[in-house]
Asks: 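Input: one structure, supplied below.
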Amino acid sequence: MLVATWNVNSLNARMPRVEQWLAEVGPDIVCLQETKLANDAVPVEVFADLGYEVAHHGEGQWNGVAILSRLGIDDVVDGFADGIEPDTDARLVSATCGPVRVNSVYVPNGREVGHEHYHYKLAWLKRLRAHLEATADPAANVIVAGDWNIAPDDRDVWDRAAFEGLTHVTPEERSALADVVDWGLVDTFRERYPESGLFSYYDYQAGRFHKRQGMRIDYILSTLPLAERCRLDLVDRNARKGSKPSDHAPVLARYAVD
DNA sequence: ATGGTCGCCGAGCGA
């Protein structure tokens with residue numbers, strides 16, 4: 001079972017790249033973020049022709065998340081299932097895809113430390129933990145994948161000094177992420193590759209990709225039953241190259257699961 | 001080469 005997550009930075013703008021990539025790579029499940037589409041604007045027939053069913057939770061213009069699956073899509077939940085008020089943004093969609101419960105997440109950016117949006121980010125991660133507690137079992141096959149907008153530790157940024165005072169690296173954000181992970185998730189990519197320099201996101205500006213100056217903020221977390229069966233973790237750097245790429249590369253994980 | 005980003009929409013903001 002091949003699983004991917006990819007912040008496409010507008011599915012409309014990225015559709016040619018996404019179609020080509022799906023045809024070439026053939027993942028079974030794909031979590032998408034920043035589709036920037038309303039639900040009725042999703043090209044479901046194009047995905048169907050490629051063999052995928054789609055669960056999309058969008059608002060148009062900003063945010064928007066989706067799950068593509070070749071293994072079926074059931075029990076779709078838009079946003080948080082924590083019994084509180086709906087989220088203001090479309091940042092989470094969950095579905096059961098064959099043997100696994102999948103959550104596609106687009107964690108708020110935070111903008112600036114102390115900003116209202118930064119507090120929204122921290123609160124959002126608390127709600128994600130509550131959502132997992134309400135909808136999933138850490139002893140089952142669960143994936144939580146997406147754009148986390150947090151570098152889990154200093155290996156996950158190209159230059160720690162360059163991020164001093166900025167979001168994505170603060171102890172508060174890392175602690176909020178750790179609280180989600182502590183529900184029962186494993187960062188298999190980090191377990192497999194302890195070194196720095198393996199990034200999933202590169203700013204479009206200043207030739208960051210060419211200079212390998214990026215961040216690892218996209219990752220596929222899985223519960224232990226899946227993590228134990230994980231046989232491959234990688235970033236598809238090729239998808240960050242060439243004409244009209246997203247600023248994020250797809251991240252993939254393969255599991256020995258039927 | 002003294003600049004060097006996209007995508008939203010059609011100005012300036014968000015990432």
Side-chain angles (χ1 to χ4, degrees), chain A residues 4-21 30-43 46 56-66 79 87-93 104-125 128 145-152 156-160 162-170 172-174 176-177 199-219 235-251:
Chain A
T5 185
W6 193 5
N7 179 323
V8 293
N9 184 20
S10 168
L11 188 54
N12 232 8
R14 215 64 57 214
M15 205 52 197
R17 296 287 303 246
V18 170
E19 282 185 68
Q20 180 184 25
W21 186 83
V30 186
C31 295
L32 299 176
Q33 300 83 37
E34 281 205 88
T35 63
K36 299 184 179 178
L37 290 180
N39 289 335
D40 60 11
V42 176
V46 177
H56 182 269
H57 176 42
E59 61 199 59
Q61 185 164 10
W62 304 116
N63 308 308
V65 285
D87 194 1
T88 55
D89 298 352
R91 296 180 175 277
L92 170 66
V93 65
S104 178
V105 305
Y106 176 43
V107 176
N109 173 285
R111 298 183 192 168
E112 294 174 24
V113 177
H115 191 282
E116 181 182 10
H117 201 259
Y118 179 78
H119 296 296
Y120 169 58
K121 180 180 195 173
L122 297 173
W124 199 94
L125 288 159
L128 178 59
D147 175 0
W148 295 83
N149 269 317
I150 298 170
D156 298 312
V157 293
W158 60 275
D159 178 4
R160 181 59 184 83
F163 289 88
E164 199 57 49
L166 301 181
T167 59
H168 294 60
V169 299
T170 67
E172 278 179 303
E173 290 164 277
R174 287 172 172 174
L177 170 63
F199 304 132
S200 64
Y201 163 82
Y202 300 85
D203 197 302
Y204 284 124
Q205 299 182 72
R208 295 283 184 222
F209 179 69
H210 179 69
K211 292 186 262 190
R212 297 188 178 252
Q213 296 175 341
M215 310 173 73
R216 191 177 75 94
I217 56 175
D218 305 88
Y219 25 95
V235 176
D236 186 357
R237 282 181 50 86
N238 286 332
R240 182 62 182 78
K241 301 174 182 173
S243 173
K244 288 185 75 69
S246 171
D247 43 1
H248 297 251
V251 173

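All values derive from a computational prediction rather than experimental measurement. The basis for the numbers below is simple: all heavy atoms, side chains too, and nothing from hydrogens, waters or symmetry mates. Lettering of chains follows the sequences in order, A, B, ..., and the numbering in each one begins at 1.
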Asks: In whole Å, I'd like the distance from the CG atom of A:Leu166 to the P atom of B:dG14.
Replies: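 Value for this atom pair: 17 Å.
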
Asks: Check the distance between B:dA15's C1' and A:Asp89's CG and give it to me in whole angstrom.
Replies: 13 Å

Asks: Quick one: are A:Ser10 and A:Thr35 in side-chain contact, heavy atoms under 4.5 Å?
Replies: no

Asks: Between atom CD1 in A:Ile150 and atom C1' in B:dA15, what is the gap in whole Å?
Replies: 15 Å

Asks: Could you list the protein-to-nucleotides 4-8 of chain B atom pairs, N/O on both sides, closer than 3.5 Å?
Replies:
residue: B:dT5; atom: O4'; partner: A:Tyr204; partner atom: O; Å: 3.4
residue: B:dG7; atom: OP1; partner: A:Arg14; partner atom: NH1; Å: 3.2
residue: B:dG7; atom: OP1; partner: A:Arg14; partner atom: NH2; Å: 3.3
residue: B:dG7; atom: OP1; partner: A:Lys244; partner atom: NZ; Å: 3.3
residue: B:dG7; atom: OP2; partner: A:Lys244; partner atom: NZ; Å: 3.1
residue: B:dG7; atom: O3'; partner: A:Ser10; partner atom: OG; Å: 3.4
residue: B:dC8; atom: OP1; partner: A:Ser10; partner atom: OG; Å: 2.6

Asks: Roughly how many Å is it from NE2 in A:His168 to P in B:dG14, rounded to a whole number?
Replies: 15 Å

Asks: According to salt bridge (charged side-chain N to carboxylate O under 4.0 Å, His left out), does anything in residues 104-114 of chain A pair up with another residue at least two apart or in another chain? List the pairs.
Replies: none

Asks: Tell me the interatomic distance from A:Tyr118, atom OH, to B:dG14, atom P, rounded to whole angstroms.
Replies: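 Answer to the nearest Å: 19 Å.
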
Asks: Rounding to the closest angstrom, what is the interatomic distance between B:dG7 and B:dG3 at atom P?
Replies: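 Rounded to whole Å, the distance is 24 Å.
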
Asks: Could you tell me how far apart A:Tyr201 (OH) and B:dG14 (P) are, to the nearest whole angstrom?
Replies: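 Distance check: A:Tyr201 OH to B:dG14 P gives 15 Å.
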
Asks: I'd like to check the side chain to side chain donor-acceptor pair (under 3.5 Å) partners of A:Trp158; sequence neighbours left out, ordered by chain and number.
Replies: none

Asks: Using the side chain to side chain donor-acceptor pair (under 3.5 Å) criterion, which residues pair with A:Thr170? Sequence neighbours excluded.
Replies: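 Checked A:Thr170 against side chain to side chain donor-acceptor pair (under 3.5 Å); matches are A:Tyr118, A:Glu173.
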
Asks: For B:dG10, does the O4'-C1'-N9-C4 or O4'-C1'-N1-C2 angle fall within 90° of 0, making it syn, or is it anti?
Replies: anti

Asks: Rounded to the Å, how far apart are A:Glu116 CD and B:dG14 P?
Replies: 12 Å

Asks: In the structure I gave you, are the side-chain heavy atoms of A:Asp218 and A:Tyr201 within less than 4.5 Å of one another anywhere?
Replies: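 Yes, side chains in contact.
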
Asks: How would you list, by chain and number, every residue that makes a side-chain contact (heavy atoms from CB on, under 4.5 Å) with A:Asn9, sequence neighbours excluded?
Replies: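 For A:Asn9, the residues satisfying side-chain contact (heavy atoms from CB on, under 4.5 Å) (neighbours in sequence not counted) are A:Asn7, A:Arg14, A:Glu34, A:Lys36, A:Tyr204, A:Ser246, A:Asp247.
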
Asks: For A:Asn238, which residues count as a side chain to side chain donor-acceptor pair (under 3.5 Å) partner, sequence neighbours excluded?
Replies: A:Lys241

Asks: Using the C1' atom on both, measure B:dC6 against B:dT2 and round to a whole Å.
Replies: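 Comparing C1' positions in B:dC6 and B:dT2 gives a spacing of 23 Å.
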
Asks: Considering only the C1' atoms, how many Å lie between B:dC13 and B:dC9, rounded to the nearest integer?
Replies: 11 Å

